[in-house]
Amino acid sequence: MVQAAEQTKKPKGSVIITAERCKGCGFCVEFCPPEVLELSAEYNSKGYHPPILAKRDQCTGCDICGMVCPDFAIYGYMIKKSNKEA
Amino acid sequence: MPEELYDVESNVPANPIEDLLRMDRIPHIWCPGCGIGTTVNCFVRALQTSGLDLDKVSVVSGIGCTGRVAGYMRLDSFHTTHGRAIPFATGLKLANPELKVIVYSGDGDLTAIGGNHFIHAARRNMDITVILINNMIYGMTGGQVAPTTPVGATASTTPHGNFEETFNLPFLAESCGAVYVARWTAHHVRHLTKSIKEAVAKKGFSFVEILAPCPTLFSRRNKLGDGLDQMEYYRDSSEIKNGADTKSVALDFQGKIIVGKFVDKVRPTYIEAMNNHYKAKYGDRYVPSDEMRKLNHA
Ligand SMILES: Cc1ncc(C[n+]2csc(CCOP(=O)(O)OP(=O)(O)O)c2C)c(N)n1
Ligand code: SF4
Ligand code: SF4
Ligand code: SF4
Ligand SMILES: [Mg+2]
């Protein structure tokens, strides 16, 4: 995915989403502290709308989304310095 | 799903749950918005940072939606009969005191059909951890009333509302002698993870009650919306009161929820009391079961 053009600072964290496992409960979107997730308009094969990282530069990698997700469909991680600079 | 919605970067850590869950059984059976999976996330993260030797941890469940947890854990685990997780766990612990035995089961399983086992394991200060998922009903069998159903809530067997007094589980556990008692909700993921870590590190009977949404049978019948609505209720109506008098933490229907660590004390565990007693009575003729095991395996 193309990074937003206006993005200046490097993000601290990111998420991995296993879209097929998602059941669209919305917990991750609601409880992400910086509110960087959104349910996508797309469907997975079970008919649910999985989340997407809408504000990529603001994810802190705190993994609250990973802890609240009842379906193990998302988790957050901190981007290591070396990854960031790459 | 179009792949391009998701970047797959290199060098990212794997999902932390993959270590400890039987991934071939995922997706699990729980409904969308069911809180049981959320509690499992916290449990897994707690175990991973607990410093315990995970080869010596076993998870025991009874029957119910929550009872499925044992079957999803990639640990020694036992899915026992309804209400009998605690006696099974007790047997495991007595036969091999080196094990950390954790019971993970539902409110109906542990406090209705299994209620006496709960009372007596706490009384004996049996060296096990009990994690109880309180969704306020029997989920798996269709939303029947449970000892934990709040007065005024509707269940499939109380279509005109429940009028029976509700168990206040932290008070019950403390009165019976539990040495660690805490309550959290599925919304309190960080506190809950820390609390599970403390509970499994504790010697004796430790008890963690977790309120979790059952959108399919509790919320829907009570017109409370979905799992997210219940999680928002937990967020908006909980108050953290560590050390609160457990008499004061009873739950009512959609009322205020007192959460926190209520009890953290020390008293001899069942195994310590038994060993001390028989050592005093029989001296060297008494060999405790953990020493016996070592002799047998030597
Ligand atoms: C001896 C026996 N009686 C009744 C049942 C039916 N039964 C299965 S699960 C269950 C209740 C489970 O409720 P709870 O422990 O609260 O778990 P939940 O599904 O809510 O997580 C009952 C009554 C059974 N399996 N065995
Ligand atoms: S890791 Fe934290 S900041 Fe990033 S999406 Fe998840 S909850 Fe939000
Ligand atoms: S919490 Fe999990 S299941 Fe719920 S919407 Fe987010 S990714 Fe999907
Ligand atoms: S019936 Fe209730 S407790 Fe059982 S999986 Fe569905 S939401 Fe969860
Ligand atoms: Mg239940």
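A, B, ... follow the sequence lines: proteins, then strands. Residue 1 opens every chain.
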Residues of residues 215-229 of chain B with a heavy atom under 4.5 Å from any heavy atom of chain A, in residue-number order, are B/G227, B/L228
Ordered numerically, the heavy-atom neighbours of chain A under 4.5 Å found in residues 69-78 of chain B are none
Do B/S105 and B/T66 pair up side chain to side chain, a donor and an acceptor below 3.5 Å, judged on atom types alone? no
So that I know where these two stand, are B/Y234 and B/H188 an aromatic pair - ring centroids less than 6.0 Å apart?
no
Subject >> Proximity of B/Y180 and B/F207 rings by center, below 6.0 Å >> reply: no
Portion of [X] that has a non-hydrogen atom of chain A nearer than 4.5 angstrom:
| X | answer |
| --- | --- |
| B/I36 | neither |
| B/L192 | neither |
| B/T39 | neither |

Would you mind checking if [Y] and [X] are paired as a salt bridge, meaning a charged N to carboxylate O distance below 4.0 Å?
| X | Y | value |
| --- | --- | --- |
| B/K202 | B/D264 | yes |
| A/K23 | A/D71 | yes |
| A/E30 | B/R235 | yes |

Cut-off 4.5 Å, heavy atoms of chain B, and the answer for A/F31 is side chain
Bottom line for A/C62: the part with an atom under 4.5 Å from chain B's heavy atoms is both
When rounded to the nearest 0.5 Å, the distance separating CG of B/N135 from OG1 of B/T148 is 7.5 Å
*For the side chain of B/T38 and the backbone of A/C69, is there at least one donor-acceptor N/O pair under 3.5 Å apart?*
no
* **Check: B/G255 main-chain N/O paired with B/Y233 side-chain donor or acceptor under 3.5 Å** => yes
Worksheet entry | Beyond-backbone contact of B/R45 with A/M67, side-chain heavy atoms, under 4.5 angstrom | yes
(Q) Within the 4.5 Å heavy-atom criterion, are B/L251 and B/N134 side-chain neighbours or not? (A) yes
Max heavy-atom pairs within cutoff under 4.5 Å with chain A, candidates B/N15, B/V189, B/V44, goes to B/N15
In short, A/H49 meets A/C22 closest at the heavy-atom pair O-SG, 4.1 Å
